[in-house]
Amino acid sequence: YLKINPSLITTASYHDSGLSNGPTYYYVVKAVDNINNESSYSNEISAIPHPWITNLSVAPNAFSPNGDNVCDAITISYVMSKDGQVTLKIYDVASTLLRTLKENITETSGTHTAIWDGKDESGNVLPEGPYTYKIEASDSEGNIATPVEGTATIDNHFIRIIDPSAGSTLNGIVTLK
């Protein structure tokens with residue numbers, strides 16, 4: 001066992017901050033009297049911190065930020081199960097940071113969104129390809145959430161059929177240009 005608290009705890013509870021979500025943590029305690037006599041270890045207990053950024057989604061997952069007002073941006077959605085400071089960043093396939101959408105923004109528990117317009121930090125539209133969005137969070141006590149990430153693709157080759165109108169039936173060969 002690793003001693004995690006050098007001073008005596010004089011209350012009936014203890015909060016261990018700075019844990020990662022996922023692994024199991026094991027705890028034991030010892031009682032110490034006023035002349036430093038120590039008891040043997042208590043029975044072991046365990047705790048597993050749970051992730052608190054969940055339900056990550058993006059819509060649409062492919063988009064074309066070409067200024068035609070059709071699929072020019074994506075909406076990244078997620079649920080926070082507790083309050084925290086949130087950072088959301090966009091990276092390319094080489095893991096180069098391209099854009100920060102949120103930087104240590106305080107968010108309460110619940111559903112949250114961020115909109116990305118396919119641009120880098122300087123306002124330049126990025127080239128076609130896959131991009132990774134990564135969300136990190138921490139709470140006021142220093143606990144760090146397991147980061148979550150997803151992928152969205154910039155694709156400027158969407159086809160929009162404007163004629164014939166929706167519901168029409170086509171016969172023969174159709175040529176798309």
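Bear in mind the structure is a predicted one, so any value in this text is a computation, not a measurement. Quick note: numbers below take in every heavy atom, side chains included, and nothing from hydrogens, waters or symmetry partners.
- Between atom CG of residue Asp139 and atom CH2 of residue Trp52 there is a gap of 5.0 Å, rounded to the nearest 0.5 Å.
- Residues Pro65 and Ile154 have side chains in contact (heavy-atom distance under 4.5 Å, counting atoms from C-beta outward).
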Stepwise side-chain contact (heavy atoms from CB on, under 4.5 Å) check, Thr106 with Asp83: CA-CA 7 Å; Thr106 300; Asp83 299 352; 6.0 Å; no
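- Under the 4.5 Å side-chain criterion, counting only non-hydrogen atoms from C-beta, Ser77 is not in contact with Asn55.
- Under a 3.5 Å cut-off, the side chain of Glu38 and the backbone N or O of Lys30 do not form any donor-acceptor pair.
- A continuous path of Ile, Leu, Val, Met, Phe, Trp and Tyr side chains, each step under 4.5 Å between heavy atoms, connects Tyr25 with Ile45, placing both in one hydrophobic cluster.
- A distance of 12.0 Å separates CG of Leu97 from OG1 of Thr132, quoted to the nearest 0.5 Å.
- Closest of all the heavy-atom pairs between Thr100 and Glu121 is N-OE1, 2.8 Å.
- When hydrophobic clusters are built by joining Ile, Leu, Val, Met, Phe, Trp and Tyr residues whose side-chain heavy atoms come closer than 4.5 Å, directly or via intermediates, Leu101 is not grouped with Val125.
- Separating the CG atom in Asp72 from the CD1 atom in Ile115 is a distance of 12.0 Å, to the nearest 0.5 Å.
- Ser42 contributes a side-chain N or O that, together with a main-chain N or O of Val29, makes up a donor-acceptor pair within less than 3.5 Å.
- Rounded to the nearest 0.5 Å, atoms CD (Glu128) and CG (Asn66) are 9.5 Å apart.
- Rounding to the nearest 0.5 Å places NZ of Lys102 at 9.0 Å from CD1 of Ile76.
- Here the straight-line distance linking atom CD1 of Ile105 with atom CD of Gln85 works out to 8.0 Å at 0.5 Å rounding.
- Hydrophobic clustering (ILVMFWY, side-chain heavy atoms < 4.5 Å, transitive): Leu56 and Met80 are in one cluster.
- Nearest heavy atoms, Ile135 versus Tyr78: CD1-CD2, 3.4 Å.
- Looking only at side-chain heavy atoms (C-beta outward), Ile74 and Pro60 come within less than 4.5 Å of each other.
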Test log, rule side-chain contact (heavy atoms from CB on, under 4.5 Å), inputs Tyr133 and Val58: CA-CA 10 Å; Tyr133 50 93; Val58 64; 3.4 Å; yes
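- Proximity of a side-chain donor or acceptor of Thr87 to a complementary backbone N or O of Asn104 within less than 3.5 Å is detected.
- The ring pair (Phe, Tyr, Trp, His ring centres under 6.0 Å) test with Tyr131 singles out one residue from Phe63, Tyr91, Trp116, and that residue is Trp116.
- For Asn124, the CG atom counts as densely surrounded, since its 6.0 Å shell holds more than 12 non-hydrogen atoms of other residues, nucleotides or ligands.
- The hydrophobic cluster containing Ile35, built from Ile/Leu/Val/Met/Phe/Trp/Tyr side-chain heavy atoms closer than 4.5 Å, comprises no other residue.
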